[in-house]
Each structure stands twice: as C-alpha cells, then as structure tokens.
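All values reported here derive from a predicted model rather than from experimental measurement. So you know, we letter chains A, B, ... as the sequences are listed, proteins then strands, and number each from 1.
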Amino acid sequence: MKKRISRNTRSRWITAYLFILPAFLFWLIWFFMPVCQSLGLSFFEYNYAMPKNNHFVGFENYLNLIRDTKFHLAIGHSLTVVVIAVPIQTILSLVMALLINSKFRGRGIFRTLFYAPYVISSVAVATVFIYLFAQNQPVTRLFARLFGMENIAWSVSVRYALPLVIMMFIWQQVGFYMIMYLSGLQSIPTELTEVASIDGATRFQSFRYITWPLLLPTTFLVVTYGIIASFQIFDQISAVAGTGAIGSPGNALNTIMSFFYLNSFRYGNVGYGSSAAVFLFIMICVATMVQKKFLDKEV
Amino acid sequence: MNKVVKKSIFYLVLCLFTLIFLYPILYTFYNSIVPLGDVGKLVSPSHWTLENYNILFTQYPVLQWLGNTIVVTLACTVGQLIVNTMAGYAIARFDFPGRKIIFNVVLCSMMVPFPFIITPMYINLARLGLNDTLWAMVIPFMYNTLYIFMARQFFVGMPQELEDAARVDGLGHAGTFVRVMLPNSKPLITSVIILTFTGTWNSYLAPSTFMVTKEKFVLSVGLKTVKDFQFEKMNLTLAGVVVLSLPILIMFLCLQKQFVEGVVTSGIKG
C-alpha cells in the first residue's frame, strides 16, 4: 500500500516537471543565460567589430561610466522624464478616473476613448505626435500662442524634443493608469462617502479623508509603474531620432536607455553599454523594491 | 446656481480631455485620406481618396510587413498560451520538490527589465544564425513570467471537485488539463491572448534590433522607415500609422471588457 502511494506521488512529480519543462527551458536559455551574460559583459572590453581584442577589464567600464559626462547627462535626462512625467500622469489619471466614476450617460465611451491610445503601438503614437508638433501645425501654433513657444518642429529642436517625448508618453500611458484607479475606486464601498456626506462633509473633504487614503495602494502602483516605464522609454526616442543616432537631436534625448543602446548597438561597445544596462536595472530594481515595501505595509 | 456651476465645470473638463484624446486620432485618419496638397486643410469629402493607401501598399513591402507581423504575432500568442498555462497549472495544482523555489524565480524574473537582456539575446541569436530571421522575434518570446504568474493565480482558485470529477471519469493529468482545466479558464486565456497579441503586434525594440533586411521587417519597424524617408509626405506616413493601429483598435473595440479585465489582473500583481 505504502509503495503504491509513493509511486503515485512520484508520477505526480514527474507530471509537474514535464508541465514546467517548456517554460523552464525557454526561461533558462532566453532569460537566465542572458542575465548572467549581461552582468559578465559589463566586466569586459567587448566589441563586435574586434572580437580578438575582447578581454576582462574588471570594474573599468563602471569607473569610466562614473566619469563620463555624457552618462551624467543621460542620468539627468532620465530623472527629468521621471520627475515630470510621473506626477503629471498620476494626477491626470486620477482626475480622469474620478470624472468617469461619477454617474453620467455615456461614460463608457469616454473610458474607451481615454484607454484607446494605450493599446496601439508607441511608434505609431510617436509618429503622429511628431507631425502634430511640426512647424506651422495647429497644435504647434496653439502652444506658441498659449505658452510663447517657438513655432518650429519640436522633434528636431534640442530644447523641445524632450518635452515632446514626455507629452507623447503621457498621452499614451495615462489611460492605463486611469483604469487602475477606476478599479481602485470601484473597490471603495459607496456607503462610506454617503455617510460622510450625511455627516456634512463636503465633496472635497470626503475625497481628502476617505477616497484618497483608500486609494494609496493604487497610487503606489501607479507611481512605481510610471517610474519603471519612464526609465525604459525607447520607441518614442527612436522615432524622434529618425535616421540620426538614437538620442538625437543633439544629445537632447540621451537617456540611460538610449546611452546603453547607442553604445551596445551603434558603437559596438558592448561591455561599456552593458555596464550602463546594469545601472538601469539597478535603478528599476530599487523602484520595484520600494513599491513592494510600501504595498506590504499598506495592504 | 452652485450646482449649475459645478456641472458646467465638470463638462468643461470632460470636453477638454475628450478634445486632447480625440484630436490626434481624427487628425491621423483625416490626413491619411487627403492628397498632399490638402494636408492640414479642411476639404470637402469629394477630395478624399484612398490613394495614400494605394501608394503605401504598391511602393513599399507593406503587405509583406503585415504578413510578417501576423505570422510572428500568431506564433507568439499560441506559444505563450501553451507554455505559460502549463507551467502555471503545475505550480498551482501540484505539490512537488522545488515548487516554492520555482514560484520565487517567477516572481524575481518579473522584476528584470527587458532592455537588460537584449544585448546577450542578440549575441546568442547571431551565434545560432537566427538574427535577421522571423525566428528571432518568436523563439525568445515563447514564455512570459508575468503570464505564468497570472495562470498560477487563476488555477489556484479553481475548485478541487473539478479535478476530482475528471479523475473519476478516468482522465489522466494531461487529459484533465486539456479537457477540463483549459475549457474552464476562458478569462485567463482571453487575458493572455490579448496581452500577448497586442504586445507582440506593437513591439518595436526587439524587432528593430534583430532585423536588418527590409523585406523581413514587421509593421512597426517598417512604418518607422517610411516615416524617416518620406517625412514630407505626411499623408502617406499617417496612412501607415492607420495600417499599423487599426487592427488592434478594432480588436480593442470588440473586446473592450476583456482588455480592461486583462489590465486589472496583470496590473495588480502585488
């Protein structure tokens, strides 16, 4: 009897391993190995063009990275994107969610409209925005009149290229965060705010003391997702650069992501590029860990 | 009075947002159906034409790009669906040595950003002679730890009776999975299909890195080259934008509820 059970158990184990095997093999070859390689490459002088010259250099790539003024610029640009894009899209998505969550006819249509940009390709969105903000286009003229900006093509302007990328990024992403806020709002029992209004609380007070605190976990998700996505912006930067090197015009779009890509794939300087990728990874890991910490505390 | 003011502010803000979201979409569709001379002007429908689309499909390998995109997207979607649901099912419903470790590995892997592994991926694909082939956009993208996690969460919630009933009917493990578990996991399957389909269709970083030959491009990469080299022909490029976006938009409009549910389940992964 005992033997039969153990055989049964063993057969269950084998079945389980067989079910996991395909995923495991793909993960091993196309994830785990590349992760190790990427870490390893960052300690090598590694170039596609001169494979004979590849050799171990220890921390040299990292030391060069710290001294590289172009990399400082890249960090500055990446942080600028995060600091500007994340608060704006968090506030906008919350406002949109609150708008749609109030009862009025046809709210489903608005939800669809606001979410639609998120499902389409970011290269497509970037292309449209490049034209929207071309010289003499209605939008460019509107911005010139309202904010005193120059009526020029934003995508080739060193001053305006980064704001352009931030705008197209927010326009595309904000619907996604709105959906997250909507599902957060729907989990708040309506009795809470109803009781508050009976007790004489204003709409603002009931938002400030009931809705907002209950939405905190959602906000942490939205913020950390926003940070992670902002650090990895690539498609839009590539579209704006056009035929130029990624990061163009000038160094205006030189972010950590484009710095890494430029070194690894344009200059063939894979070791150096990989050390920048490790840096990117660490920044994103820190953001994710902070998110986990907060969520564990809140939920 | 106060109520009227509040109502008007509400509708004003709503209209503002609507304008911001609607304008770029209308701008794209409109400018893709007018001749170059009429770009940026409002002209009567008699000027409207599909000539841009005609030029796009005859002078560029757009049909080929579309075909490549469809092949790659379908292959990835089918592969992801099989591989991830199987793994998620095993982690959820079987007790075996190493289960906890595997689950933790799944969780940790979700934290690693894709750009971090793209360089070695490219090197390895080149070593295998797979770069600049459609395989490069399929083989490395046959699994996704996020979807394994989603599948695991879904199967954990399935009632044990379902499995027991299948066992009584004489089904083995594989039979139970294929005949009982999968038919009862429509929400999971639609979420994974929608997320993989849109993700692959829209992907740009990997295809633009791995592919060199123009004929082997997918639509997103192809569109970017059209934009780069025909930048003055805004109507032509925007027709390309429509070709790239319309299939996904139509799919989204048909399956809105499922799209939103997919976002919520994948978004709140805790």
Is there a donor-acceptor pair closer than 3.5 Å between any side-chain N or O of [X] and the backbone N or O of [Y]?
{"X": "A/Trp27", "Y": "B/Val106", "value": "no"}
{"X": "B/Lys224", "Y": "A/Val123", "value": "no"}
{"X": "B/Asn202", "Y": "A/Val119", "value": "yes"}
{"X": "A/Trp171", "Y": "B/Ile20", "value": "yes"}

Just checking [X] against [Y], ring centres under 6.0 Å apart?
{"X": "B/Phe141", "Y": "A/Phe26", "answer": "no"}
{"X": "B/Phe10", "Y": "A/Phe104", "answer": "yes"}
{"X": "B/Phe94", "Y": "A/Tyr17", "answer": "no"}

Open item on the list: Looking at chain B, which one of A/Ala124, A/Gly273, A/Ser264 has the largest number of heavy-atom pairs inside 4.5 Å, strictly under?
Closed with: A/Ala124
TODO: Just give me the residue among A/Leu41, A/Thr15, A/Val125 that pairs up with chain B most often, heavy atom to heavy atom, under 4.5 Å.
DONE: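 The answer is A/Thr15.
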TODO: Pick one of side chain, backbone, both or neither for B/Leu205, based on which atoms fall under 4.5 Å of a heavy atom in chain A.
DONE: both
Let me know if [X] has heavy atoms under 4.5 Å from chain B in its side chain, its backbone, both or neither.
{"X": "A/Tyr46", "result": "side chain"}
{"X": "A/Phe31", "result": "both"}
{"X": "A/Val270", "result": "side chain"}
{"X": "A/Tyr131", "result": "both"}
{"X": "A/Phe24", "result": "neither"}
{"X": "A/Leu113", "result": "both"}

Task: Stepwise ring pair (Phe, Tyr, Trp, His ring centres under 6.0 Å) test for A/Phe19 and B/Phe177 - done: CA-CA 10 Å; A/Phe19 268 77; B/Phe177 178 66; 5.2 Å; yes
TODO: For the residue pair A/Pro22 and B/Ile82, establish whether any side-chain heavy-atom pair is separated by less than 4.5 Å.
DONE: no
TODO: Look at B/Ala87, B/Pro140, B/Ala90 and state which one has the largest set of heavy-atom pairs under 4.5 Å with chain A.
DONE: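 Maximum pair count with chain A is reached by B/Pro140.
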- [ ] Using distance alone, with no hydrogens and no angle criterion, decide if A/Ser121 and B/Tyr204 have a side-chain donor and acceptor under 3.5 Å apart.
- [x]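 Result is no, nothing qualifies.
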